[in-house]
Amino acid sequence: QEELMESGGGSVQTGGSLRLSCVPSTRSPFANQCIGWFRQAPGKEPEGIAAIYTGSNSTYYDDSVKDRFAISQDGAKRSVYLQMDRLNPEDTGMYYCQYCRTPGNIIRPNSHTWGQGTQVTVSS
């Protein structure tokens, strides 16, 4: 599986929005696989918050982001997005995308080797 690259982070105020992007470093279309977004808050391990199976478009969300975030892919399967609305300071952290699995509907990374990530900072 190829390296993934994240982008789209930034600094916003409470209630703002951001859209993150995840693409393979080779820029090739995704195969039929699970791609997840993981958020690492200060002092904590990365936590799975959203995932999509690129073959079926099935999606999974952690309760902390359900109804505020939406994961999707483009029509050519070249990018996976995370649309984040109604952001609050609890969403602050480093965001990574990673190949994943969903045992018991919990989003788990296939690897604990993370890329550079993209920083999201939400201020009041």
Side-chain angles (χ1 to χ4, degrees):
Q1 294 181 320
E2 64 271 29
E3 179 183 359
L4 303 178
M5 182 67 188
E6 307 92 343
S7 63
S11 181
V12 298
Q13 294 188 355
T14 297
S17 297
L18 288 170
R19 189 181 74 165
L20 308 184
S21 297
C22 174
V23 300
S25 61
T26 62
R27 300 189 178 184
S28 298
F30 285 109
N32 182 16
Q33 56 201 345
C34 177
I35 303 295
W37 283 98
F38 296 80
R39 177 180 62 202
Q40 185 175 34
K44 301 185 67 176
E45 296 294 321
E47 178 186 43
I49 58 172
I52 185 169
Y53 285 84
T54 58
S56 65
N57 270 323
S58 296
T59 58
Y60 296 83
Y61 297 96
D62 183 78
D63 287 344
S64 67
V65 306
K66 188 176 178 62
D67 300 324
R68 296 191 299 119
F69 293 6
I71 190 169
S72 63
Q73 63 181 329
D74 67 9
K77 301 184 184 297
R78 297 183 184 273
S79 301
V80 168
Y81 303 105
L82 184 67
Q83 178 66 44
M84 306 186 295
D85 296 326
R86 290 176 281 142
L87 287 161
N88 60 64
E90 296 177 355
D91 298 315
T92 292
M94 185 69 71
Y95 284 70
Y96 303 94
C97 60
Q98 179 65 278
Y99 302 100
C100 58
R101 63 193 69 181
T102 56
N105 297 321
I106 305 299
I107 302 165
R108 304 292 190 188
N110 283 359
S111 172
H112 292 279
T113 299
W114 306 97
Q116 292 188 5
T118 186
Q119 178 68 38
V120 171
T121 302
V122 185
S123 60
S124 61

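Starting from 1, each residue takes its place in the sequence as its number. Every heavy atom of this structure was used, including side-chain atoms; hydrogens, water molecules and symmetry mates were not.
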Legend entry - Ring center gap for Trp37 and Phe69 short of 6.0 angstrom: no

Legend entry - Point-to-point distance, once rounded to the nearest 0.5 Å, from OG of Ser17 to CZ of Arg68: 10.0 Å

Legend entry - Partner of Val80 under side chain to side chain contact (heavy atoms under 4.5 Å, CB included), chosen from Ile71, Leu4, Asp74: Ile71

Legend entry - Inter-residue atom distance Ser64.OG - Arg39.CZ, 0.5 Å rounding: 4.5 Å

Legend entry - Qualifying residue, where the test is side chain to side chain contact (heavy atoms under 4.5 Å, CB included) with Gln73 and the options are Ile35, Ile52, Thr59: Ile52

Inset, instruction - Report yes or no: do Asn88 and Thr14 form a side-chain donor-acceptor pair below 3.5 Å? - result: no

Inset, instruction - Could you check Thr118, Val120, Leu82 and say which one makes a side chain to side chain contact (heavy atoms under 4.5 Å, CB included) with Leu18? - result: Val120

Inset, instruction - Drop me the distance from Ser56's OG to Asn32's CG, to the nearest 0.5 angstrom. - result: 7.0 Å

Report, one line per pair, each donor and acceptor closer than 3.5 Å where one atom sits in a side chain of residues 93-102; sequence neighbours left out.
unit_1	atom_1	unit_2	atom_2	d
Tyr95	OH	Asp91	O	2.6
Tyr96	OH	Gln40	OE1	3.4
Gln98	NE2	Ser111	O	3.4
Gln98	NE2	Thr113	O	3.0
Tyr99	OH	Glu2	N	3.3
Tyr99	OH	Glu2	O	2.8
Tyr99	OH	Glu2	OE1	3.4
Arg101	NE	Asn110	OD1	2.8
Arg101	NH2	Asn110	OD1	3.1
Thr102	OG1	Tyr53	OH	2.7

Legend entry - Worked verdict on Gln13 versus Leu87 for side chain to side chain contact (heavy atoms under 4.5 Å, CB included): CA-CA 8 Å; Gln13 294 188 355; Leu87 287 161; over 6 Å; no

Inset, instruction - Give a yes or no on whether Gln119 atom CD has more than 12 heavy-atom contacts from other residues, nucleotides or ligands under 6.0 Å away. - result: yes

Inset, instruction - Return the minimal non-hydrogen interatomic distance between Pro109 and Trp114, and the atom names on each side. - result: CB-CH2, 3.7 Å

Legend entry - Beyond-backbone contact of Leu20 with Glu6, side-chain heavy atoms, under 4.5 angstrom: no

Inset, instruction - Measure the spacing between OG1 of Thr54 and CZ of Arg78 and express it to the nearest 0.5 Å. - result: 13.5 Å

Inset, instruction - Determine whether Pro103 and Arg108 make a side-chain contact, defined as any pair of heavy atoms from C-beta on separated by less than 4.5 Å. - result: yes

Inset, instruction - Hey, could you give me the CD1/OH distance between Ile107 and Tyr61, rounded to the nearest 0.5 Å? - result: 9.0 Å

Inset, instruction - Would you confirm whether Thr92, through its side chain, and Val122, through its main-chain N or O, come within 3.5 Å as a donor-acceptor pair? - result: yes

Legend entry - Flag if over 12 foreign heavy atoms under 6.0 Å of CD, Gln33: yes

